[in-house]
Amino acid sequence: FIILPLIVLFICQEVIANTEIINFLAAEERNVDFSSTTVDSWPILNYKNNQGHWNVDPALLDTPLQQVCESKTGIDPANPFPCLHELWVALDLDDESWMSYSKFTLRLSWPASSPADFLLEIYSPQAILTRLSRLPHQSAIDDASITAPHLSRTGLSTTRIKYARIRVVDTGVRTPTPDLPESAAQAIPFILILEQLYLGVLPASLLPTVCFLIPVLFCAALATPWILSYLDHFIKQARQELR
């Protein structure tokens, strides 16, 4: 009786969509000015716009996730998304409303009807700079610089900005329809949500649910002894009739 609401909530979430989650620490690091590079054109999630919807073509079936989009030596400065099977998103954690939180979670959800596996990874500005430095074109690294000589677009010499890399691979064969043959490639739709973790473990979107369940569970705990006492009368009566 007490755990029934939790079970129902869990089952509903599993039926609606598949979910991939990564938690990470919002540590301050030296900023990098990517304003002259392709990184500056990547989509951004922040406090005011903490979720987005995208579609990405999956890599071929049986492709190891760690090997997806790893054929290139780095990020092509002429194309922000050089690989069709991945997406890069900037996570802006420098908003004043988020400065008091040190841990965040990035949640990716996609339809249960879409057979795919996702890989979420978090990169620091320094890690992105390192990837740029591996490019054959030296201009890519020249255009990105450590913000010690000048300030970044946020006006800070340090930042908590992180970068998310999302890769996807196909895991099954879809049922063909008249409009879509079995061999046709289908982009996987997904939703990406960035939010702070309360107490380092509780996502902000679950706080209303927890606040609702606490009084419900409390009332259930108080009512349980009374319910058991009430049923005990009928149990004893049934035992006497069976003798």
Side-chain angles (χ1 to χ4, degrees), residues 13 16-58 65 68-69 75 79-111 114 116-132 144 147 152-156 158-168 187-209:
Q13 288 183 340
I16 294 174
N18 296 319
T19 301
E20 195 72 27
I21 297 174
I22 184 171
N23 299 332
F24 60 95
L25 184 66
E28 288 194 358
E29 302 181 41
R30 295 185 67 185
N31 205 350
V32 179
D33 184 6
F34 292 116
S35 58
S36 300
T37 69
T38 187
V39 177
D40 193 54
S41 64
W42 289 351
I44 301 175
L45 295 182
N46 51 34
Y47 175 76
K48 295 181 179 179
N49 180 33
N50 73 323
Q51 70 178 39
H53 180 275
W54 292 276
N55 297 272
V56 175
D57 293 327
L65 265 175
V68 173
C69 300
I75 306 168
N79 188 349
F81 309 113
C83 180
L84 296 176
H85 315 307
E86 71 176 2
L87 174 71
W88 289 87
V89 179
L91 310 177
D92 185 0
L93 311 176
D94 285 332
D95 191 280
E96 289 294 333
S97 300
W98 273 353
M99 291 304 294
S100 60
Y101 301 99
S102 60
K103 292 184 179 181
F104 289 79
T105 183
L106 187 65
R107 184 170 73 254
L108 186 152
S109 299
W110 71 100
S114 299
D117 276 342
F118 282 82
L119 178 62
L120 288 176
E121 296 174 298
I122 302 297
Y123 287 74
S124 67
Q126 291 287 338
I128 297 297
L129 185 63
T130 300
R131 287 180 63 87
L132 284 172
T147 56
S152 69
R153 63 182 178 181
T154 61
L156 302 174
T158 60
T159 184
R160 305 200 309 168
I161 290 178
K162 297 292 183 291
Y163 298 90
R165 185 187 188 188
I166 300 99
R167 290 183 280 178
V168 57
I188 305 297
F190 64 90
I191 297 175
L192 202 60
I193 300 177
L194 172 67
E195 54 189 354
Q196 71 273 25
L197 290 175
Y198 291 109
L199 303 177
V201 294
L202 180 63
S205 59
L206 289 183
L207 185 61
T209 303

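We're numbering straight along the sequence, starting at 1.
A 4.5 Å side-chain heavy-atom check between Y47 and Q196 finds every atom pair outside the cut-off. You'll find the side chain of V89 reaches within 4.5 Å of the side chain of L192, heavy atoms only. Side chains of N18 and S109 form no contact here, defined as non-hydrogen atoms less than 4.5 Å apart. The closest side-chain heavy-atom distance from L65 to D117 is below 4.5 Å. Between V39 and I128, the closest side-chain pair of non-hydrogen atoms falls below 4.5 Å.
Between N50 and W98 the shortest heavy-atom distance is CB-CH2, 4.3 Å. The minimum heavy-atom distance between L87 and P43, with the atom names listed, is CD1-CG, 4.5 Å. I22 and L120 make their closest contact through CD1-O, 3.7 Å (heavy atoms, listed as atom of the first residue, atom of the second, distance). Residue P125 comes nearest to R30 through the heavy atom pair CB-O, 4.4 Å, listed as atom of the first residue, atom of the second, then distance. Contact detail for I188 and S114: the closest heavy-atom pair is CD1-CB, 3.9 Å. Here the closest heavy-atom approach between residue S97 and residue D95 is recorded as N-OD1, 2.8 Å.
Within the model, atoms CZ of F118 and CD1 of I21 stand 14.0 Å from one another, a figure rounded to the nearest 0.5 Å. Atom CD1 of I161 is separated from atom CG of D92 by 4.5 Å, given to the nearest 0.5 angstrom. Atoms CG and CD1, from L119 and I166 in turn, are 9.5 Å apart once rounded to the nearest 0.5 Å. Taking CG of N31 as the start and CD of Q126 as the end, the distance is 9.5 Å to the nearest 0.5 Å. In this structure, L45 CG and E195 CD are separated by 11.5 Å, a value rounded to the nearest 0.5 Å.
The neighbour count for Y123 OH, taken as heavy atoms of other residues, nucleotides or ligands under 6.0 Å away, is above 12.
The aromatic rings of W54 and F190 lie tilted to each other, with the angle between the two planes from 30° to 60°. Using cut-offs of 30° and 60° on the angle between ring planes, the pair W42 and W88 is parallel.
Checked against side chain to side chain contact (heavy atoms under 4.5 Å, CB included), I191 has the following partners two or more places apart in sequence or in another chain: H53, I193.
Side-chain atoms of D94 and T159 form a donor-acceptor pair, as typed in the model, at a separation below 3.5 Å.
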task: Begin with the C-alpha distance, continue with both residues' side-chain angles, and end with the deciding distance and a verdict on side-chain contact (heavy atoms from CB on, under 4.5 Å) for F24 and L91.
output: CA-CA 11 Å; F24 60 95; L91 310 177; 3.8 Å; yes
field: V56 and L84: CA distance, side-chain angles, deciding distance, side-chain contact (heavy atoms from CB on, under 4.5 Å) verdict
entry: CA-CA 7 Å; V56 175; L84 296 176; over 6 Å; no
task: Report the C-alpha separation of R165 and C69 in whole Å, then their side-chain angles, then the decisive distance to 0.1 Å, and conclude whether the side-chain contact (heavy atoms from CB on, under 4.5 Å) test is met.
output: CA-CA 11 Å; R165 185 187 188 188; C69 300; 3.8 Å; yes
- request: Report the C-alpha separation of F104 and L93 in whole Å, then their side-chain angles, then the decisive distance to 0.1 Å, and conclude whether the side-chain contact (heavy atoms from CB on, under 4.5 Å) test is met.
  value: CA-CA 9 Å; F104 289 79; L93 311 176; 4.0 Å; yes
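Look at R107 and E20 and you find no salt bridge, because none of the NZ, NE, NH1 or NH2 atoms lies under 4.0 Å from a carboxylate O. The pair E121-K162 does not meet the salt-bridge criterion, since no charged nitrogen lies less than 4.0 angstrom from a carboxylate oxygen.
Remark: side-chain polar atoms of H85 are not paired, donor with acceptor, to backbone N or O of R167 under 3.5 angstrom. When atom types are taken as modelled, the side chain of D40 and the backbone of F34 share no donor-acceptor pair closer than 3.5 angstrom.
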